[in-house]
Amino acid sequence: MSYPFKKIEKKWQKVWAKNNYKIWHAKDFKGKKIYILDMFPYPSGDGLHVGHVLGYTGTDILSRYYRMKGYNVLHPMGWDAFGLPAENYAIKMKKNPMTFVPKNIKRYKMQMNMIGLSYDWQREINTTDPEYYKWTQWMFLKMFEKGLVYEKLAPINFCPSCKTGLANEEVIGGRCERCGSKTETKYLNQWHIKITAYADRLLEDLEELNWPENVKEMQRNWIGKSEGYEIDFKIVGYDYKITIFTTRLDTIFGVTFLVLAPEHPLCLKIAKEDYYFNVENYIENALKKPERERKTEEEVTGVFTGSYAIHPLTGEKVPIWISDYVLFTYGTGAIMGVPGHDSRDYDFAKKFSLKIIPVIGPEKGKEPENLPYEEYGYLINSFDYNDLDSKTAIQKIGEELEKRGIAKKAIYYKLRDWIFSRQRYWGEPIPLVRCPKCGIVPLSEKDLPLKLPKVKNYEPTGTGESPLKNISKWVKTKCPKCKGPAERETHTMPQWAGSCWYYLRYIDPKNKKQFADKKKLKYWLPVDIYVGGVEHAVLHLLYARFWHKFLYDLGLVPTKEPFMKLVNQGLILGPDHEKMSKSRGNVIIPDDIVKKYGADTLRMYEMFMGPFEDVKPWDTQGILGIHRFLNKIWIISKKIKKDKIKKEKDNEILTEINKLIKKVSEDIENFKFNTAISSMMEFVNFISDKKVSIETWMKFVKLLFPFAPHLAQEIWSMFGNKKLLDYEKWPEYEEKYIKEKHIKLIIQIDGKKRDEIEIEETALDFDKIKNLVLNRERIKKFIKDKKIDKIIFAQNKIINIVTKS
RNA sequence: GCCGAGGUGGCGGAAUUGGAAGACGCGCAGGAUUCAGAGUCCUGUGGUUUAAAGCCGUGUGGGUUCGAAUCCCACCCUCGGCACCA
């Protein structure tokens, strides 16, 4: 029979709901703070899944722990309700998101209470609340004001299923991040935000963050900074010059051709008569396919222009080609071909029988086989620069070319500006007006929020226009400047807009005058611990850092970075070790588990499964182990109540409980919840045949509380404690009980364990121990007539007798 | 191809400042309780044809060391990310 978890959980959830404003409400400016943040969910309609439970339980354990440690804990929750997930779901269910989303939120909140999460609900926020998105729009206007927002007709990624343009970050392997459809390229007039202006700082400031290395690396790669040189090549018979970008100036003597991207404006201008037709043809063909689709093609293609450039150092003529393996959107849209040391250039040269000159080789006098050939080798076939190492050569050649005005240092990034327009209904309206007289005019602050109108038909049109375009009542407006007739911008903001600053609003959620009070921001920022999925590594986490830096530059937030420590919870797979999905039928629903075993079992099992950050499969049997453990605790509690031993007299138990306090505290702080639970189990196994005092057991119950709050609270009150456990102090361990009086010494012979011996700590003397050990029968038997070479005595733990062979 | 993380029983995983490999849990086997089952409790559980002892064992092969899952070198495999970024 299970312990009455249903009754217990219901009972305490009621008490907590009633007292929420007291127990979990973070008061401003009160002592030492800690800000523990979850990535807030999209209330999509499927409800909380076990992945949410994993992350949210982790932060709940931390919050409960730090509250008991005496910290002022800010642990809020809210709803990222704008955007595609909610909208797509609403379309599928044929319900307006405006009426549908609040219902979902209610359900999510109910589920969160069902698993006993200790959020400060007084700080709840919702990105679709006009009082919230008023400030999202306000911040957008600040960016507009500072010249970070611009409109551009550009080829963008378009999702044919979601019927909207997407940012580069939202395209994962050529597919829509949300629905998995292959994206297409469309030319649309879109608002862009100049995130590239922050590229360097976004890169540099990563250093000071306590984030998982892989996430930092993903951001570094995404920003993709390359330092090199721009070099001008003169063209024979023309006044034009071709500028290329390279990071490998040391290979310049290996240049045997130049390649232009098909979009390059010089292509047709320098094509010779005999080649013109071919060139025109090639370009036309190439441009039909957007860059993204060209990449996947295996075969190298290209066409010769008939023109030649002059090598700036050798004066030799090198042919100028056109090929779509050169991207117009990166660097200068033109490259120097070094087939000796670049695999793509090599493939190209092979295909079109172009010259290949190796210019990097082994160090002079060294055998070629024992050195790394690529990267930084030594120059060969490079005239005055021969035998220099690559690094030095880049410097020297750079200096020389700069002196002659042919080259200059340049830095390029992979990062592109943030495409900010969405052709969808369910987002923050962009607060701009198009006036035939004044052009683009921003709304004034007092006109915010610009509310999203209620509509009947909100489905995406697919024409590149937003559904808002059809609501002429809303679209037609007056120009804020000249008061003449004008039209509103009808595209909406991307889903990421609201999540860029929500952690700031929690700090002062009801402020009507500012997005948050400065003093409060100063007190609570930065976020100390941020927990969420790794899928946001170059989406939300990059945008939010940028947004935060922008606010920092305006003096509106006190820190350069928003999130100091980041932890990614690992994915939970289905029992079949596959990713959970409806189509596979391997989805575990938290509600079912709660019904069957209770919330405490669910919480604790998810923490016990394995390391918090690892991918791990759900084990339908494994959860029984945790449920049995909680049952055992319940039964032992009843026994202890009957026994009525007040003070702890058993020294062994004192040692164990003190060790446990130390272990659990350290493990919680390090997100090692699985080993914390293991050691609690070991403790319970240890005391199960002993009589434990109430004093000791109450300490244990406090340790259990962050993990299984309902059961712990019930046991706590069962022993007549009136105050809620939330207000109790976390137990402290006493060093004197932990110190071992006896030392178990392992005896090894030639590194293999042969025996062990227990020694008083005070009797640790090498000679004495040596005698003791060598006289033991068992040891004598092993040594027999072997000669002892030496004896190693290590760390009061091991004695190793080494024999001569 | 490049970057990052990782390979430990039948399974999830412990131990990583070099010092008893396999904690804890699941599963499995045997026993107790029971008319029976469920549940609970006890015992065992890396391999080595049976007990003790021994021997072998942390992806593979080498190395350093009194001693290696842990450090070094080479290789194999798995997972995650990026991918014509010059």
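To find a chain, count down the sequence lines: A is the first, B the second, and so on, and within it residues start at 1.
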Indicate whether OP1 or OP2 belonging to B:A86 is found under 4.0 Å from a side-chain N or O atom of A:Tyr330.
-> yes
To the nearest Å, how far apart are A:Ile792 CD1 and B:G67 P?
-> 8 Å
So what does A:Arg628 hit on the nucleic acid, given a heavy-atom distance under 4.0 Å: a base, only sugar-phosphate, or nothing?
-> sugar-phosphate
Testing B:C24, B:A14, B:C82 for proximity to the side chain of A:Asn685, the answer is B:C24
Any-strand Watson-Crick or G-U partner of B:G67, both distances under 3.5 Å = none
Would you indicate what A:Gly622 reaches in the nucleic acid, counting non-hydrogen atoms under 4.0 angstrom: base, sugar-phosphate, or nothing?
-> sugar-phosphate
Distance, P atom - from B:A15 to B:G7, rounded to whole angstrom | 12 Å
Report which part of the nucleic acid A:Val534 touches: base, sugar-phosphate, or nothing (heavy-atom distance under 4.0 Å, all strands).
-> nothing
Pull up the glycosidic torsion of B:G30 and say syn or anti, syn being anything within 90° of 0.
-> anti
Please give, in whole Å, the distance from B:G18 P to A:Phe793 CZ?
-> 19 Å
Nearest-Å distance once atom P is located in both B:C66 and B:C11 = 36 Å
Mind checking who B:A53 pairs with, Watson-Crick or G-U wobble, both distances under 3.5 Å?
-> none
So which nucleotide does B:G22 pair with, by the Watson-Crick or G-U wobble rule with both distances under 3.5 Å?
-> none
A:Asn214 has a side chain; which of B:G12, B:C82, B:G4 sits nearest to it?
-> B:G4
Could you check whether A:Glu682 gets within reach of a base, just the sugar-phosphate, or nothing at all, counting any heavy atom under 4.0 Å?
-> sugar-phosphate
To the nearest angstrom, how far is A:Lys663 atom NZ from B:C24 atom C1'?
-> 11 Å
Taking any strand in view, what nucleotide pairs with B:C28 in a Watson-Crick or G-U wobble way, both distances under 3.5 Å?
-> B:G44
Counting only N and O atoms by type, is there a donor-acceptor contact under 3.5 Å from the side chain of A:Lys672 to the main-chain atoms of A:Asn670?
-> no
Starting at NZ of A:Lys639 and ending at P of B:C41, how long is that distance when rounded to a whole Å?
-> 13 Å
Base-pairing assignment for B:A74 (Watson-Crick or G-U wobble, both under 3.5 Å) = B:U60
With respect to the phosphate group of B:C2, does any side-chain polar atom (N or O) of A:Asn221 fall under 4.0 Å of OP1 or OP2?
-> no
For A:Glu613 and B:C79, what is the distance between atoms CD and C1' respectively, to the nearest whole Å?
-> 16 Å
In Watson-Crick or G-U wobble terms, with both distances under 3.5 Å, the base opposite B:U17 is none
Interatomic distance where CD belongs to A:Glu606 and P belongs to B:G25 [whole Å] = 20 Å
Do A:Thr243 side-chain atoms and A:Glu230 backbone N/O form a donor-acceptor pair below 3.5 Å?
-> no
Give one of base, sugar-phosphate or nothing for A:Asn800, where a contact means two heavy atoms less than 4.0 Å apart.
-> base
What interatomic distance, in whole Å, is found between C1' of B:C71 and the corresponding atom of B:C77?
-> 22 Å
B:G1 -> Watson-Crick or G-U wobble partner, both distances under 3.5 Å, gives B:C82
What nucleic acid atoms does A:Asp345 come within less than 4.0 Å of, heavy atoms only: base, sugar-phosphate, or nothing?
-> nothing
Between the base of B:G25 and the side chain of A:Gln621, is there any donor-acceptor pair under 3.5 Å?
-> no
State whether a side-chain donor-acceptor pair under 3.5 Å links A:Asp200 with A:Tyr413.
-> yes
Give the nucleotide from the list B:C26, B:G4, B:A86 with an atom nearest to the side chain of A:Leu327.
-> B:A86
Rounded to whole angstroms, how far apart are CG on A:Asn670 and P on B:A15?
-> 11 Å
Same-atom distance (C1') from B:A52 to B:G63, integer angstrom = 37 Å
Mind checking A:Asp614 for me? I need base, sugar-phosphate or nothing, with any heavy atom below 4.0 Å counting as a touch.
-> nothing
Distance-only donor-acceptor check, side chains A:Asn221 and A:Lys414, under 3.5 Å = no
Stepwise side chain to side chain donor-acceptor pair (under 3.5 Å) test for A:Glu169 and A:Trp496 | CA-CA 11 Å; A:Glu169 289 79 10; A:Trp496 313 104; over 6 Å; no
With respect to the side chain of A:Ile172, which nucleotide from B:A86, B:C82, B:G12 is positioned closest?
-> B:C82
Charged N to carboxylate O below 4.0 Å: is that the case for A:Asp667 and A:Lys663?
-> yes
Ranking A:Gln748 and A:Ile677 by the position along RNA chain B of their nearest nucleotide, the one closer to 5' is A:Gln748
Under 4.0 angstrom, heavy atoms only, what part of the nucleic acid is A:Lys672 near: base, sugar-phosphate, or nothing?
-> sugar-phosphate
Could you tell me whether the side chain of A:His311 and the main chain of A:Val255 form a donor-acceptor pair under 3.5 Å?
-> no
Charged N to carboxylate O below 4.0 Å: is that the case for A:Arg220 and A:Glu213?
-> yes
Take the protein atom CD of A:Glu213 and the nucleotide atom C1' of B:A5, then report the distance between them rounded to whole Å.
-> 11 Å
Could you check which of B:A86, B:A14, B:C24 has an atom nearest any side-chain atom of A:Pro611?
-> B:A14
State which of B:C26, B:A86, B:C24 makes the closest approach to the side chain of A:Ser678.
-> B:C24
Would you say A:Asp250's side chain and A:Ile394's backbone share a donor-acceptor pair under 3.5 angstrom?
-> no
G-U wobble or Watson-Crick pairing nucleotide for B:A36 (cut-off 3.5 Å, both distances) | none
Does a side-chain N or O from A:Ser679 land closer than 4.0 Å to OP1 or OP2 of B:A23, or not?
-> no
First encountered from the 5' end of RNA chain B, between A:Lys632 and A:Glu217 | A:Glu217
